[in-house]
Amino acid sequence: MARRKKIYEGKAKTLYEGPEPGTIVQYFKDDATAFNAEKHDVIEGKGVLNNILSEFFMLGLGQIGVPTHFLKRLNMREQLVRSCEIVPLEVIVRNYAAGSISKRLGIDEGTQLPRPIVEYCYKDDALGDPLVTEEHIAAFGWASQQDMDDILSLALRVNDFLSGMFLAVGIRLVDFKIEIGRIYDGDFQRLVVADEISPDSCRLWDINSGEKLDKDVFRRDLGSLTDAYSEVARRLGVMPNNPPAPGKPTLVN
Ligand code: TMP
């Protein structure tokens with residue numbers, strides 16, 4: 001069998017050349033990293049859960065008219081996506097204070113923000129993805145003013161969609177990060193939501209108990225990451241048919 005071509009290996013995903021020009025296969029690994037990969041572990045089943053959850057969110061966004069790179073899920077760990085040029089920004093939307101904004105501005109974790117706050121970080125692991133302003137983005141040409149208007153509007157639409165979806169299953173969307181891709185259509189470019197949307201890139205708290213159901217469970221050693229992600233998948237009704245159960249035999253009906 002021919003070996004497929006690896007395009008890029010990231011911390012949590014590997015990208016392979018897709019079957020048709022303009023497509024990419026996105027493979028979800030079980031690796032979990034935090035603090036710019038200072039902390040690393042392999043958590044069996046995480047990739048399967050993120051693949052299925054990201055498919056669910058991307059399909060839902062498509063249904064409300066938010067463009068994404070998602071084409072279709074191929075199997076438990078892989079999805080076919082449109083190839084795009086990633087804008088070198090992490091776009092973060094915050095509804096409640098947590099994580100770096102709490103540290104930076106001294107706001108207690110869990111404080112509701114007066115309105116959703118959008119932040120941009122320059123995607124550069126060697127620099128630790130530093131926070132940047134629109135001035136930096138314009139001056140260094142990472143995105144145009146028109147792109148930034150579109151990115152802000154996409155980010156807020158994703159926030160409204162995800163917040164409502166999580167609220168319906170008793171989960172508070174504290175914050176999240178998305179990445180944006182450019183797709184060229186002749187002389188035109190379109191911006192789409194790319195990469196993934198999963199509990200790796202969101203903060204999700206149970207509305208009643210405040211229990212964390214996201215990657216902070218790994219970052220802060222709070223228990224089983226797959227239990228947390230499985231709970232999110234279960235509440236959203238997208239739990240995979242054969243949930244990852246390492247070491248256990250599976251009965252086939
Ligand atoms: P922060 O509070 O650490 O800045 O994170 C804000 C949100 O962005 C949180 O939901 C986690 C997510 N995030 C990523 O997806 N990747 C990253 O590398 C970092 C630092 C945060």
Side-chain angles (χ1 to χ4, degrees), residues 2-29 50-75 77-93 116 118-125 127 129 132-162 165 176-198 200-202:
R3 203 186 175 86
R4 61 186 169 175
K5 188 169 165 209
K6 192 191 280 188
I7 298 174
Y8 175 78
E9 176 144 14
K11 287 177 281 197
K13 295 186 293 298
T14 305
L15 304 183
Y16 297 96
E17 209 166 69
E20 280 150 37
T23 64
I24 283 181
V25 174
Q26 193 166 259
Y27 176 97
F28 286 75
K29 304 196 288 188
N50 280 355
N51 184 27
I52 278 162
L53 282 163
S54 198
E55 171 195 24
F56 177 71
F57 297 126
M58 294 289 184
L59 282 177
L61 285 169
Q63 275 161 8
I64 62 158
V66 174
T68 79
H69 72 159
F70 183 84
L71 291 170
K72 66 172 176 185
R73 185 163 62 81
L74 298 171
N75 54 50
R77 284 193 181 268
E78 296 176 327
Q79 46 184 248
L80 190 69
V81 300
R82 288 193 66 179
S83 128
C84 46
E85 183 184 296
I86 296 287
V87 175
L89 298 172
E90 301 211 330
V91 179
I92 294 169
V93 183
V118 182
E119 295 177 342
Y120 305 100
C121 292
Y122 178 52
K123 256 177 80 68
D124 186 320
D125 280 344
L127 299 174
D129 299 339
V132 291
T133 68
E134 291 197 48
E135 277 290 293
H136 299 107
I137 296 167
F140 296 119
W142 297 325
S144 68
Q145 189 52 55
Q146 176 66 55
D147 289 342
M148 291 314 291
D149 293 347
D150 293 347
I151 289 172
L152 179 63
S153 137
L154 279 174
L156 293 175
R157 289 185 74 193
V158 173
N159 186 42
D160 284 347
F161 173 77
L162 291 179
M165 182 147 267
F176 66 92
K177 182 265 303 186
I178 51 170
E179 296 188 18
I180 302 292
R182 297 177 200 281
I183 291 180
Y184 294 99
D185 251 333
D187 288 345
F188 296 94
Q189 68 141 32
R190 283 192 311 130
L191 295 179
V192 300
V193 177
D195 189 51
E196 72 178 275
I197 299 178
S198 74
D200 266 12
S201 52
C202 300

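Hydrogens, waters and symmetry mates are skipped; everything else that's a heavy atom, side chains included, is used. Keep in mind that this is a model prediction, so the values were computed, not measured.
- Minimum heavy-atom separation, M148 to A143: SD-CB, 3.7 Å.
- Rounded to the nearest 0.5 angstrom, Y16 OH and I7 CD1 are separated by 10.5 Å.
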Verify side-chain contact (heavy atoms from CB on, under 4.5 Å) between R182 and L191, making sure each step is shown before the conclusion.
CA-CA 5 Å; R182 297 177 200 281; L191 295 179; 3.7 Å; yes
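- Judged by distance alone, the side chain of D129 and the main-chain N or O of D124 form a donor-acceptor pair under 3.5 Å.
- Side chains of P67 and L154 form a contact here, defined as non-hydrogen atoms less than 4.5 Å apart.
- With rounding to the nearest 0.5 Å, the separation of CD1 in I92 from OG in S201 is 10.5 Å.
- Partners of E179 by salt bridge (Lys or Arg N to Asp or Glu O under 4.0 Å), not counting sequence neighbours, listed by chain and number: K123, K177.
- For the pair S54 (side chain) and I197 (backbone), a donor-acceptor distance under 3.5 Å is present.
- In this structure, L80 and V25 have side chains that are in contact, with non-hydrogen atoms separated by less than 4.5 Å.
- Among residues two or more places apart in sequence or in another chain, the ring pair (Phe, Tyr, Trp, His ring centres under 6.0 Å) test is passed with Y122 by W142.
- Residues V81 and E196 have side chains not in contact (no heavy-atom distance under 4.5 Å, counting atoms from C-beta outward).
- Checking side-chain atoms of D150 against main-chain N and O of D147 turns up no donor-acceptor pair under 3.5 Å.
- Residues meeting the salt bridge (Lys or Arg N to Asp or Glu O under 4.0 Å) test with K72, sequence neighbours left out: none.
- Looking only at distances, no side-chain donor or acceptor of D185 sits under 3.5 Å from a matching main-chain atom of F188.
- Checked against salt bridge (Lys or Arg N to Asp or Glu O under 4.0 Å), R73 has the following partners two or more places apart in sequence or in another chain: E55.
- Expressed to the nearest 0.5 Å, how far OG of S144 lies from CD1 of I151 amounts to 8.0 Å.
- Put simply, CG on D200 and CG on N50 are 4.5 Å apart, with the number rounded to the nearest 0.5 Å.
- With contacts defined as side-chain heavy-atom distances shorter than 4.5 Å, the pair V91/Y120 qualifies.
- When atom types are taken as modelled, the side chain of R157 and the backbone of I64 share a donor-acceptor pair closer than 3.5 angstrom.
- At least one donor-acceptor pair closer than 3.5 Å links the side chain of Q79 to the backbone N or O of N51.
- In this structure K29 satisfies the salt bridge (Lys or Arg N to Asp or Glu O under 4.0 Å) test together with E9, sequence neighbours excluded.
- Atom OG1 of T23 is separated from atom CZ of R82 by 10.0 Å, given to the nearest 0.5 angstrom.
- Within the 3.5 Å criterion, the main-chain N or O of D195 finds a donor-acceptor partner in the side chain of Q26.
- The ring pair (Phe, Tyr, Trp, His ring centres under 6.0 Å) search around F57 returns F166, not counting sequence neighbours.
- Distance alone, capped at 3.5 Å, places no donor-acceptor pair between the H69 side chain and the S83 backbone.
- In this structure, the separation between CD1 on I137 and CD on Q145 is 9.5 Å, given to the nearest 0.5 Å.
- Here the options are L152, N159, V158, the test is side chain to side chain contact (heavy atoms under 4.5 Å, CB included), and the partner is V93; only N159 passes.
- Contact detail for G181 and C84: the closest heavy-atom pair is CA-SG, 3.8 Å.
- In terms of heavy atoms, C202 sits closest to F176 at SG-CB, 3.7 Å.
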